[in-house]
Structure formats: C-alpha cells, structure tokens
Amino acid sequence: QVQLVESGGGLVQAGGSLRLSCAVSGSINSINAMAWYRQAPGKQRELVASITSDSKTNYPDSVKGRFTISRDNTKNTVYLQMNSLKPEDTAVYYCNGLATTMTWTRPQFYWGQGTQVTVSP
C-alpha cells in the first residue's frame, strides 16, 4: 500500500555534504512521523534523525549539529541534509515512516530499501 524510495546517496570525502531524499507514495491518509536510520556492515541499525507531524526533531549525539531532517508535505518527501561528514557515517541509510492509509487506519511502520552513503578519509 505504501512505498518509500530513497535517493541521494553516494561517495563523498570527509567534511563534505550529501542530501538524501525519501519519496512516499501510495494510499496515504496521514503521516504521523518519519525518520532516518542507518546500518553499517556488521552493526545494528541505529536511529539517525526523526521528525513528527508538528515538525519536532530528534537526533542522537553522534550526528547532532551536522545532520538536519526536514519534510515537504506537499510532495510527501522527507530529506536528510548531512554536513561535515565523517568516515564513521558510512552506512546504508533507510527511510522509515509511521503512517495510516485509506484502508488501514491503525498506524504502521514502513521502510525503504536504503541508499548507500560512503565517506572516504
């Protein structure tokens, strides 16, 4: 019912920037919240940033001050602006949404397929 497609990943040098996009499509009724997660090889998936419907954001200390999450409700798209990138930011980044649909009003989590971000020294 709901599809999330990430884009914008790539290879950058340390100190550089990337902007990830996550386009949401399907029979969406409302989006309660959206978030970005990342997973490095051999590591567990971790939260990078989240944003609620009233634009409240949350970041872990590892990215606070460097990453910014934002939403464009008219396009059903969430963004992750990543500045001052470090090699330890290298991971597959996944978009996550908590949403209701036209046919299922209980909020459910939906995941994108991920986009690779690689930061070289």
Side-chain angles (χ1 to χ4, degrees):
Q1 295 182 7
V2 178
Q3 298 84 41
L4 282 68
V5 180
E6 301 99 331
S7 62
L11 173 65
V12 297
Q13 293 184 353
S17 299
L18 281 176
R19 187 190 189 216
L20 306 183
S21 299
C22 175
V24 182
S25 62
S27 301
I28 300 295
N29 181 32
S30 64
I31 300 176
N32 299 58
M34 297 198 72
W36 286 94
Y37 289 76
R38 68 185 181 188
Q39 187 168 21
K43 304 293 184 180
Q44 292 187 343
R45 190 170 300 185
E46 64 176 341
L47 177 69
V48 175
S50 64
I51 184 169
T52 62
S53 58
D54 57 350
S55 298
K56 293 183 178 179
T57 59
N58 186 52
Y59 308 90
D61 291 338
S62 59
V63 307
K64 189 174 297 183
R66 300 188 298 119
F67 290 10
T68 303
I69 187 171
S70 61
R71 297 173 62 176
D72 185 344
N73 293 332
T74 64
K75 302 170 68 174
N76 279 343
T77 301
V78 63
Y79 305 94
L80 183 67
Q81 179 67 45
M82 303 184 293
N83 299 325
S84 302
L85 284 164
K86 305 174 181 179
E88 51 262 42
D89 295 321
T90 296
V92 176
Y93 284 70
Y94 297 91
C95 181
N96 172 261
L98 177 62
T100 60
T101 67
M102 299 297 182
T103 58
W104 187 249
T105 58
R106 180 181 179 181
Q108 295 287 304
F109 288 102
Y110 300 90
W111 290 92
Q113 294 299 307
T115 184
Q116 176 70 46
V117 172
T118 303
V119 184
S120 63

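What you see below is based on every heavy atom in this structure, not just the backbone, and it leaves out hydrogens, waters and symmetry mates.
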If you apply the rule side chain to side chain contact (heavy atoms under 4.5 Å, CB included), what do you find for L20 with F67, and how did you get there? CA-CA 11 Å; L20 306 183; F67 290 10; over 6 Å; no
Start with the C-alpha gap between L98 and I31, add the side-chain angles, then the distance that decides, and say whether side chain to side chain contact (heavy atoms under 4.5 Å, CB included) holds. CA-CA 6 Å; L98 177 62; I31 300 176; over 6 Å; no
Applying side chain to side chain contact (heavy atoms under 4.5 Å, CB included) to T101 and N29, what does each step give before you reach the verdict? CA-CA 5 Å; T101 67; N29 181 32; 5.6 Å; no
For a side chain to side chain contact (heavy atoms under 4.5 Å, CB included) check, start with the C-alpha distance between V117 and L18, then their side-chain angles and the critical distance, and finish with the verdict. CA-CA 9 Å; V117 172; L18 281 176; 3.9 Å; yes
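Counting heavy-atom neighbours within 6.0 Å of Q113 CD, excluding the residue itself, gives a total of 12 or less.
Using a 4.5 Å cut-off on side-chain heavy atoms (C-beta onward), W36 and N96 make no contact. Between Y37 and W111, the closest side-chain pair of non-hydrogen atoms falls below 4.5 Å. Residues V12 and M82 are not in side-chain contact: their nearest non-hydrogen atoms beyond the backbone lie 4.5 Å or more apart. Within the 4.5 Å cutoff, the side chain of R71 has heavy atoms near those of the S53 side chain. Residues T77 and V24 fail the side-chain proximity criterion, which asks for heavy atoms closer than 4.5 Å.
Y59 contributes a side-chain N or O that, together with a main-chain N or O of I69, makes up a donor-acceptor pair within less than 3.5 Å. Listed for the T90 side chain is a donor-acceptor partner under 3.5 Å among the backbone atoms of V119. In this structure a side-chain-to-backbone donor-acceptor pair under 3.5 Å is missing from R45 to Q39. Checking side-chain atoms of E6 against main-chain N and O of G114 turns up a donor-acceptor pair under 3.5 Å. Using modelled atom types, no side-chain atom of Q13 and backbone atom of P121 make a donor-acceptor pair closer than 3.5 Å.
Remark: the Q3 side chain and the S25 side chain contain an N/O donor-acceptor pair separated by less than 3.5 Å. When only modelled atom types and interatomic distance are considered, T118 and Q116 share a side-chain donor-acceptor pair under 3.5 Å. One side chain, T100 or S30, offers a donor N or O that lies under 3.5 Å from an acceptor on the other. Side-chain contact of S17 with N83: a donor-acceptor pair under 3.5 Å is present, judged by distance alone.
With sequence neighbours excluded, no residue forms a ring pair (Phe, Tyr, Trp, His ring centres under 6.0 Å) with W104.
If you chain together hydrophobic residues whose side chains sit under 4.5 Å apart, M34 and Y110 fall into the same group.
D89 and K86 are not joined by a salt bridge, as no carboxylate oxygen comes within less than 4.0 angstrom of a charged side-chain nitrogen.
Because its NZ or CZ atom is not both nearer than 6.0 Å to the ring centre of Y94 and within 45° of the ring axis, R38 does not count as a cation-pi partner of that residue.
Residues P60 and L47 come closest through the heavy atom pair CG-O, 3.4 Å. S55 and I51 make their closest contact through CA-CG1, 3.8 Å (heavy atoms, listed as atom of the first residue, atom of the second, distance).
Pairs passing the disulfide bond (SG atoms under 2.5 Å apart) check and including a residue from residues 58-121, sequence neighbours excluded, read C22-C95.
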